[in-house]
Structure formats: structure tokens, C-alpha cells
Number of protein chains: 4
Amino acid sequence: MRGRTFTQDARRTQIVEATIETLAEIGYTKTSFTAICRHANLSSTGLISYHFAGKPQLLREVTRTILEKAGTLRTGHVEQETTYRGKLGAYISSHFDFMARYPAHARALTEIAGLVRERPALGLDDVARSALSVETLVVLLEEGCRAGEFRIPDPPVLALAVQGALDNVVRHHELFAVADLGRLARELTDIFTRCTLAP
Amino acid sequence: MRGRTFTQDARRTQIVEATIETLAEIGYTKTSFTAICRHANLSSTGLISYHFAGKPQLLREVTRTILEKAGTLRTGHVEQETTYRGKLGAYISSHFDFMARYPAHARALTEIAGLVRERPALGLDDVARSALSVETLVVLLEEGCRAGEFRIPDPPVLALAVQGALDNVVRHHELFAVADLGRLARELTDIFTRCTLAP
Amino acid sequence: MRGRTFTQDARRTQIVEATIETLAEIGYTKTSFTAICRHANLSSTGLISYHFAGKPQLLREVTRTILEKAGTLRTGHVEQETTYRGKLGAYISSHFDFMARYPAHARALTEIAGLVRERPALGLDDVARSALSVETLVVLLEEGCRAGEFRIPDPPVLALAVQGALDNVVRHHELFAVADLGRLARELTDIFTRCTLAP
Amino acid sequence: MRGRTFTQDARRTQIVEATIETLAEIGYTKTSFTAICRHANLSSTGLISYHFAGKPQLLREVTRTILEKAGTLRTGHVEQETTYRGKLGAYISSHFDFMARYPAHARALTEIAGLVRERPALGLDDVARSALSVETLVVLLEEGCRAGEFRIPDPPVLALAVQGALDNVVRHHELFAVADLGRLARELTDIFTRCTLAP
DNA sequence: TATGAATGAGACTTCATTCAT
DNA sequence: TATGAATGAAGTCTCATTCAT
């Protein structure tokens, strides 16, 4: 009963991807099982119920999938840098890279992230504490302090600030006409580099 | 028939307040007319329909109410300061002040602000462009630059960053156990003051 | 308790007229108390309920009013003629006259007449048997037969046919572009005169 | 997903028939989804919504079904005749035949036909223009004229008259106690044959 | 008399989920 | 495994009617 077959995994992946696209396209409140099926040409909502115990479980999987992709990308960027200042810049620009490569995932995440009050119901509390949260960034900032590169009074607060700033700029990047994502990344890096400046 | 009576205004206010509390308590997706009625001890959802043309109209009024409260508070804080640096600090701390005084309003706003995709449906597009947006802050930063107090490469981007940072810190302030909101305000002010530093 | 004051009658008349206009304009199914109030700038649906025991009673009064107007008109036309053939023609043309003079009443009647199954509920059964029905016409035809002017195998059937033909032509008169109602009246008179022709 | 299955067709048919019976029995205004379900012993109104996109769509299907049945019957009758006079008689008697064979359908049609104002909302405008209308009859009369059998000043007007007469007699046939539908058919045929008489 | 706020039943519709096949 | 018909709860909204003022 434990473990999943290859076919099952493929179906689950298909459904998760369909959900992400639907979320990105029509928003959370309109994303019903029916809507997901329409978007992915799935034959019946029963298929979704068959593969997922419920809507919360599906959304949890969706969130996991998105955060994993974003995390992998970020880790790749960050680890290439040797200085903590460089790592911070990489952390920031990986956000924009993610949006450029997986725009649907990015938009879907925006939809889900807004649902603060839903998270418990979605079983996302552990997720929130890890990936949605800023642990990684906090650690990065703290190590940078210890290494003498940064001078930050309260790393968790700065981490939350950076994350919120990133999300918000990403969310509204459409405002910047022919959004030059690279430029945005550079500017934000600049902004937060100044904050961390050891004198 | 034309215009609103005193009684009507009172009821509308009551319903709006009940909606805000409901949003704060159980989140957007669970906030049905029925749920609102439970919160306000109203006898039937028909009463809400009687006073508001529809759900979008109710939510528009809710948003208006919240933003007005937040705006008034902010204006008060900001105008007391004479320097632009002071104004920026006041802008930031007014956010925390709002959260301290009207926690339900603040949490409700978080729920609504997440509904990027819903805004058109809710008729919030004009609202989004003014109060939900960062216009005020952009102007403040630009004037500060012109006055020689700030040195900011791209005010709109910084404004979005500040707003996002504030929202995010406010959203997760519960993480900081015995949240000392004053301290948070000071730290964020410090962070963003450094970014705007004219050399 | 019996009897009505002058004011009451005026109000009742006003409401009845408002209802007729509403029926004519938006059709039976959309004619709610609220819609009637909008159309007549009445301040509250309570006013209607105050003056009429219920919706059926209002509609009965509406029907009575319309049929009375139509009946008066018809009687006037018919009695001016001396021959039964003339009376039949007058009967027919009075229908078009009614439509020309009271278009809203005519259209409203169309809306009500369609509701065959509602009539009992509306307490219109007696009405249907008298004014909505063809008694008058049947008598006219029978007397014409006795007078030797007509030769009709089964007057009630012809009467129903005439009435139905009239209603239908009136209902669809919009089809005839710049409907020349006079011409239509003449043609129908011609048609049914031929049917009644004594050899 | 595409196309309809056998089961679906069966259910749709069942619902359409149930609707027709309900319309015939309690009239248009009382025919709610709930009422239809009672009539067909369906468990929930959701079932109707599952099979039909909305109430207008259901009513359109109902109308289509009724008109198709009536049309088939009529065509069969009419085509068996060789003279235009014969065809006119067949056209008329097919109406009574329809009423005799499908009394519920006939009564339901009466209910729907009354909703002149609703037709656009019901998407019945095209239907109204073809089957609810008198095109067929107009053509028949015109061809009869060309063939020298009829002498009719204005075929569309006569057609409307015939249709209206038929509907009205059918509608009130209950008045004729032991309604001998055959006799009624013969009398109406007689009436309208006289009108079309070429001298 | 008139007002208009309130009520509660009932309308249509959407939805996640179940279940026989 | 997959299908898709069916279910029933819940949602928003409309409406005639009631009632305190």
C-alpha cells in the first residue's frame, strides 16, 4: 500500500502542473477541480480525487513542487558565490531568475502565499516554517556577520524585509513596462547591500 | 429612496466591521455571508444582500474602510515630521502603529491584498492604484531626493521594496514572540535609512 | 372597514398603473414589487403590500383595469354600428384601436394572458370566464345568425378563432414594419367577414 | 469529455420530459428546478445543473423538443395531401392531433409561447423565428395562391390569424366539454377554407 | 397612511467528493 | 486505474411580506 507506481507519479505530476497553470491563469478562488480539468484536458474531477486525498493535499503538493524548484535554483546560484555579499546578490537575483524561467510557478506561488489563514488548513504550516520562510536567508546573513562581511543588528528582521521586498517587486514587476528583470535584480541587490554594509 | 439614512449607515458599518473581523479570523476563502452573520449575530444573509448590492461591493467597502483608517494614521504620523528622513521613519512606524491599534483590520487587509487576481472582479483596481499601491511613498522618496536628503537610484523600486518588507514583517511579527512592535519599527527604519543615505 | 377612502383609491390606481407599465416594459417574470417601485418612484414595496393583500390581488386588479378599458372602448365601437356585420368589424378594429391608444396596457395584457396556469392562483377564473373570454363575441355572432346576417355552424368556435387571431396579430404586429394598424384591422375584418357570409 | 454519452442523453431526455410535465401541470412561474425534481423523483437540483448549463438552456431544449414533435407530426399530415386546400386542412388538424397525442407537450408549449419578453433571455429568438413562427404556413398560403387555389390579399396576416385561432381554440378546448377534437379541426378548416376561397 | 428595515423561504448554481462500472 | 454520473452541502441572491415607527 506504501509507495507509488511510476504511472501514479506521472499522473500526480501532471495534475500538479495543471493546477499550477490554472492558479497562475485564473487565481486561487476560481481554481476548482473542474477548472483544473479544463486546463489540462483531464477527463474527470474524479481523477484528481483518486490521486489526492483532498484539495488541501493537492495544494500542499503544489506548494512543495514550486518551492523545491525555486529552492534548487537558489541553491545553485548561491553556492557559486564565495563571498557572503556575493551570495546575498545571488539569492536576490535567483528570485528573478525563477520568475523568468517559471512564470506560471511564480504567479501560482503568489496566489498561494497570500492565503495566510489557509495554511493550517492546507497543512502548510511546516512548509511555511521551512521553505516559505526565511531560514536559509537568516543563516546566510548570520554567517556573513560572523565572517565580518555584514554588520546587521537583527538578521531575522532583515531577512523578512528582503523576502517581502523581493516578493512585492516580483508581484508588481508588470508595472515596469518592458520589465528588465536583470536591472531589478541589480537594484535590489544594491539596496540591500548598502544595508548590510560593514562600515 | 435616494441617499442613505442614519440607520442604513449604522447597519452597513456593522456589517463591514463584522466582515473585517471574519476575514481576520478565518481568512478570505471561508468568509461567506453566513460566516459574517454568525460573527455579527445577524439573522439572515438576506440582510447583507439588502444593504450591499453584492459581495464585491461589500469587499470594496471593507477595503475602503481599512485603507482609510491606515491612511489617516499614516498621514498623521508623516506630517508631524519635517525632514524627509523623519517622514520615512514615520511612514514605517505608522504601519506598526496600525497593526497595534487595529489588528483585525491589519490581518483582514493581508487577506485582501493577497487576492491580486480578484481585484478587477472586486472593483478594486482604482483602489489598488492609489492606496494599496505605493504612490505616496514614491512621492515621498522623490521629494526627499530633490531636497538632497536621499540618494536613490530608482525610487519606485525602493518604494515597492519598503512596502513589501513592511507587509512581510507585519505578517510574520507573531514569530517574534513578545513582539516589540516599536523595536521592529526602529529596525526597519534603520535598514531603509541606510539605503537612502546621501553620501 | 368596508369601503375605501379617496386617497386609498388614488394610491391603488397609481400602483396599478405602475404595474401595467412595468409589465409592458420588462415582462411578467421580472415584474417584482421592487421593479414596480423603481418604475413609479414609489418609496417602498411595503406600500404595495399595504394597499393590496398580495401579489395575486394586485394582478387581478391590473387585469380588471385593463379589461375594463378595452371593454369600454369595444362597447363604444360596437354599439355605433347597426348591422351585425358592422358590429363584427367594429369589434375587430376596436382591438387595434386599444393597442394604438393604450400600448402599455395592451402589452401588459399579453403578458398576463399567457399565464394560463396562473389564473386560478391569481383569482382570475371569473375574469377569464367573462372578460378575457369570448362571451360578448359569441352573443354577437349568435344574434347575427338569428338576424339572418351570418351563417355560422358553431359560433363559440368561431368566436375563439377570432379572438385568438386578433391577439396573435396584435402580439406580432411589430413584424409589420411601420405597422399600419388600420390596414390590419381592415384585413382581419375582411377575413372573418368572409367566414360568416350567409350565401 | 467531448460529445455526449448514452447515459447523459437518457438523463437529459428524462429531465426535459419532467420539465414538460411540470410546465403543463403547474405553469411556468412555479416550474423551479426543485419542482422538476419532485416530478421526476430526482434527488437534487444539482443533477439538473450537472446536465444543463442553466435554466435558459434547459428551456431551450424543452422548446426544441416540443416543436420538433409538433413539426414532425405536421409535416407528415401536410405532405400526404396533394392540393393546397388539403394541405391547409392537414395543417390545422395536425394541431389537434398534436394536442390529442401529447397533451402535456401542448400545454407546456402554451406556457412557453406566452413568454414573449423572455425569449431573448432564453435564447429562443431563432426558434421563435422559425418554428414558433408562421413561416411554414405563409409559404403554404403563398404557393396556394400561385397555384390558383387560394385568393388571399395578405398571406402573412392570414397566417398569423390562423395560428392564433388554432392556439386559442386548443387552449380553451376544455370549454367544450366532451371535446371532440376531430369536430373542432373540421370546423376550423371550414372557417379558414372559406377565407381563402378563390371566387 | 406611509416608510423602509428586516425576515426567511426559496431560487439557481458551484463544488469537492463518492461510487458503480 | 480511470471514468463520469450523481450527490448534497453550501454559496449568493431575489422576493413578497411583516412590522415598528
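Every value quoted in this text rests on a predicted model; they were computed, and no experiment measured them. Residue numbers start from 1 in every chain, and the chains themselves are labelled A, B, ... in the order their sequence lines are given, proteins ahead of strands.
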Value in whole Å for how far the [atom2] atom of [N] lies from [atom1] of [X]:
X        : N       : atom1 : atom2 : value
Arg12(D) : dA6(F)  : CZ    : P     : 12 Å
Asp9(A)  : dT1(F)  : CG    : P     : 10 Å
Asn41(D) : dT7(F)  : CG    : P     : 11 Å
Lys55(B) : dT14(E) : NZ    : P     : 15 Å
Ile48(B) : dG8(E)  : CD1   : P     : 14 Å
Leu59(A) : dT17(E) : CG    : P     : 10 Å
Tyr28(B) : dG11(F) : OH    : C1'   : 12 Å
Phe52(D) : dT14(E) : CZ    : C1'   : 18 Å

Range-with-range stems of DNA chain F (Watson-Crick or G-U pairs under 3.5 Å, three or more in a row):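 The stems that DNA chain F takes part in, listed by first number, are E:2-21 with F:2-21.
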
5' priority, DNA chain E, between Phe33(D) and His51(C) [closest heavy atom]: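 Taking each residue's closest nucleotide, the earlier one in sequence belongs to His51(C).
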
5′-ward residue of the pair Tyr50(D)/Arg38(D) relative to DNA chain E: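 In this pair, the answer is Arg38(D).
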
Position toward the 5' end of DNA chain F (nearest nucleotide), Leu47(D) or Ala53(C):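 Looking at DNA chain F, the more 5' nearest nucleotide goes with Leu47(D).
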
Position toward the 5' end of DNA chain F (nearest nucleotide), Ala35(B) or Leu42(D):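 It is Leu42(D), whose closest nucleotide lies nearer the 5' terminus.
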
Would one find a side-chain N or O of [X] under 4.0 angstrom from OP1 or OP2 of [N]?
X        : N       : answer
Arg11(B) : dA5(E)  : no
Gln8(B)  : dG4(E)  : no
Thr5(C)  : dT1(E)  : yes
Thr45(A) : dC15(E) : no
Ser32(C) : dT14(F) : no

Worked verdict on Thr13(B) versus Thr65(B) for side chain to side chain contact (heavy atoms under 4.5 Å, CB included): CA-CA 9 Å; Thr13(B) 302; Thr65(B) 302; over 6 Å; no

Pairwise distance OH(Tyr28(B)) to CG(Leu23(B)) - rounded to 0.5 angstrom: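 So the OH of Tyr28(B) and the CG of Leu23(B) are separated by 8.5 Å.
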
Reference residue His39(C); test side chain to side chain contact (heavy atoms under 4.5 Å, CB included); the match among Ile26(C), Ile20(C), Thr31(C):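 Testing His39(C) for a side chain to side chain contact (heavy atoms under 4.5 Å, CB included) against Ile26(C), Ile20(C), Thr31(C) leaves exactly one candidate, Ile26(C).
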
Closest approach of Ser49(A) to Phe33(A) (non-hydrogen atoms, all atoms of both residues):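 Heavy atoms of Ser49(A) and Phe33(A) come nearest at OG-CE2, 3.7 Å.
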
Heavy-atom closest contact (Ser44(A) atom, Gly46(A) atom, distance):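 Heavy-atom minimum between the residues: OG-N, 2.8 Å.
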
Proximity to the side chain of Thr7(A) - top-ranked nucleotide from dT1(F), dT18(F), dC13(F):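 It is dT1(F).
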
Given dC13(F), dT1(F), dG4(E), the nucleotide with the shortest approach to the side chain of Ser44(C):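 Ranking dC13(F), dT1(F), dG4(E) by closest atom to the Ser44(C) side chain puts dG4(E) first.
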
Test side chain to side chain contact (heavy atoms under 4.5 Å, CB included) applied to Arg4(D) and Arg12(D), step by step: CA-CA 10 Å; Arg4(D) 277 189 195 111; Arg12(D) 283 173 67 94; 3.5 Å; yes

N/O donor-acceptor pair, side chain Ser43(C) with base dG4(E), under 3.5 angstrom: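 Absent.
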
Distance-only donor-acceptor check, side chains Arg11(A) and Gln8(A), under 3.5 Å: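 On atom types as modelled, these side chains do not qualify, holding no pair under 3.5 Å.
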
Close side-chain approach of Glu21(B) and His105(B), heavy atoms under 4.5 Å: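 Not in contact.
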
